[in-house]
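The structure under discussion appears below in the form of structure tokens.
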Number of protein chains: 2
Amino acid sequence: MKYSKATNYALHTMMHMMAASPDKPIGVQSLSEAQRVSPTYLSKILTKLVKAGLIESASGANGGYRLKGRYEDISFLDIIHAVEGTASLFDCCGSVNSECLIHQEMLSAEAAMEEKLRNTRIIDLAKRLEHSHRHG
Amino acid sequence: MKYSKATNYALHTMMHMMAASPDKPIGVQSLSEAQRVSPTYLSKILTKLVKAGLIESASGANGGYRLKGRYEDISFLDIIHAVEGTASLFDCCGSVNSECLIHQEMLSAEAAMEEKLRNTRIIDLAKRLEHSHRHG
DNA sequence: TTAATTACAGACTTCACATATCCATGATAG
DNA sequence: CTATCATGGATATGTGAAGTCTGTAATTAA
Ligand code: SF4
Ligand code: SF4
């Protein structure tokens, strides 16, 4: 029961892109160096963000990844859902039983967490701090 | 990023014990039959609950597992912590950086879920419904 | 047109952990 | 003493996370 490291990488990358210039694409090479993760692996993760419509990519020289459209609205939950999927944390027996009290409680608790994550936008944190360090 | 099946078993078992008589110990044999899980495996899970002080066990004939003390106060979170552990869902780089905004937000969101789980007691749900079915 | 650069997709490996199973041991009631 | 019951350790087994490798496609610069 842990968030994957991929989610961590995605959050850091998005934070970094928000703090940097949103105009020019940034190659996965430079994005990976700040986080000590291999470029090919980070690329896999960022492709998920592309498919989720959160960012856009450009092949070829001077290509890379770039924010698009209404990037100010992107929340923590958007990124987490793009990377981890949207399935419930509590999948008992596959079927959703709306009458089950255990099930209801677990979904309700998860919803409380998602509510918090949905109401926090990356851009707000990026504004509050030029956050580029990565300790370890 | 899923709750383990062990947590599911523990929740069902506790719900069952609350609905049944709290006086007599119930053997893991009968507890397991209701959930279609092997007795030995369920025993391992229940031992965690014993060590967490949520229930008590009695060896020998007519032994088994039984609620103890202030069992009315047991919350969802108590059981989940006993089974899954109390570590944070978001463990980046091991160290807790209180100044990191990403870290703060993730902890805050997790706290919202735990708050909900802490404020829901098993006994309340057991009262509302004699809940012993297990579909699959 | 060619070469360099970049993202993308698939196969693959490795590793950690969840999910058990089996068996020996210990405790306890009758 | 014996049947019953929990506990602990060792041991599979399966699944998903984490990461690597390599070829392919797209795009730009020369
Ligand atoms: S009884 Fe409720 S919690 Fe248990 S498996 Fe069914 S729906 Fe899920
Ligand atoms: S989220 Fe913050 S504390 Fe955690 S690794 Fe990233 S920068 Fe460090």
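Per chain, numbering begins at 1; letters A, B, ... match sequence-line order.
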Requested in this report: Give a yes or no on whether a salt bridge exists between A:Lys116 and B:Glu110, defined as a side-chain N under 4.0 angstrom from a carboxylate O.
Outcome: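 Result for this pair is no, no salt bridge flagged.
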By salt bridge (charged side-chain N to carboxylate O under 4.0 Å, His left out), A:Glu114 pairs with (sequence neighbours left out) none
Could you check if a side-chain atom of B:Phe76 sits within less than 4.5 angstrom of a side-chain atom of A:Ile102, using non-hydrogen atoms only?
->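 B:Phe76 vs A:Ile102: side chains touch.
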Answer yes or no: is there a side-chain heavy-atom contact under 4.5 Å between B:Val37 and B:Leu31? no
With a 4.0 Å cut-off (strictly under) to non-hydrogen atoms of chain B, the first and last hit nts on DNA chain C, 5' to 3', are C:dT19 to C:dG30
Please give, in whole Å, the distance from D:dC5 P to B:Leu42 CG?
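From B:Leu42 CG to D:dC5 P: 15 Å.
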note: A:Asn62, atom CG; D:dT27, atom P; distance rounded to Å ~ 14 Å
Of B:Ala58 and A:Leu46, the one whose nearest nucleotide on DNA chain C sits closer to the 5' end is A:Leu46
Practice problem: Only counting residues at least two apart or in another chain, list the ones meeting side-chain hydrogen bond (donor to acceptor under 3.5 Å, both in side chains) with B:Ser32. | Solution: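 Counting only residues at least two positions away or on another chain, B:Ser32 forms no side-chain hydrogen bond (donor to acceptor under 3.5 Å, both in side chains).
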The reported gap from CD1 in B:Ile122 to CG in B:Leu11 (rounded to nearest 0.5 angstrom) is 5.5 Å
Its contact letters, B for base, S for sugar-phosphate only and - for none at protein heavy atoms under 4.0 Å, make nucleotides 8-20 of chain D read BBB-------BBB
Side chains of residues 48-65 of chain B: which donor-acceptor pairs under 3.5 Å do they make with residues two or more places apart or in other chains?
unit_1	atom_1	unit_2	atom_2	d
B:Lys48	NZ	B:Val83	O	3.4
B:Glu56	OE2	B:Arg66	NE	3.4
B:Tyr65	OH	B:Ser43	OG	3.4

* To do: Applying side chain to side chain contact (heavy atoms under 4.5 Å, CB included), name anything that partners B:Glu115, two or more places apart in sequence or on another chain.
  =>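 For B:Glu115 the side chain to side chain contact (heavy atoms under 4.5 Å, CB included) partners, ignoring immediate neighbours, are B:Arg118, B:Asn119.
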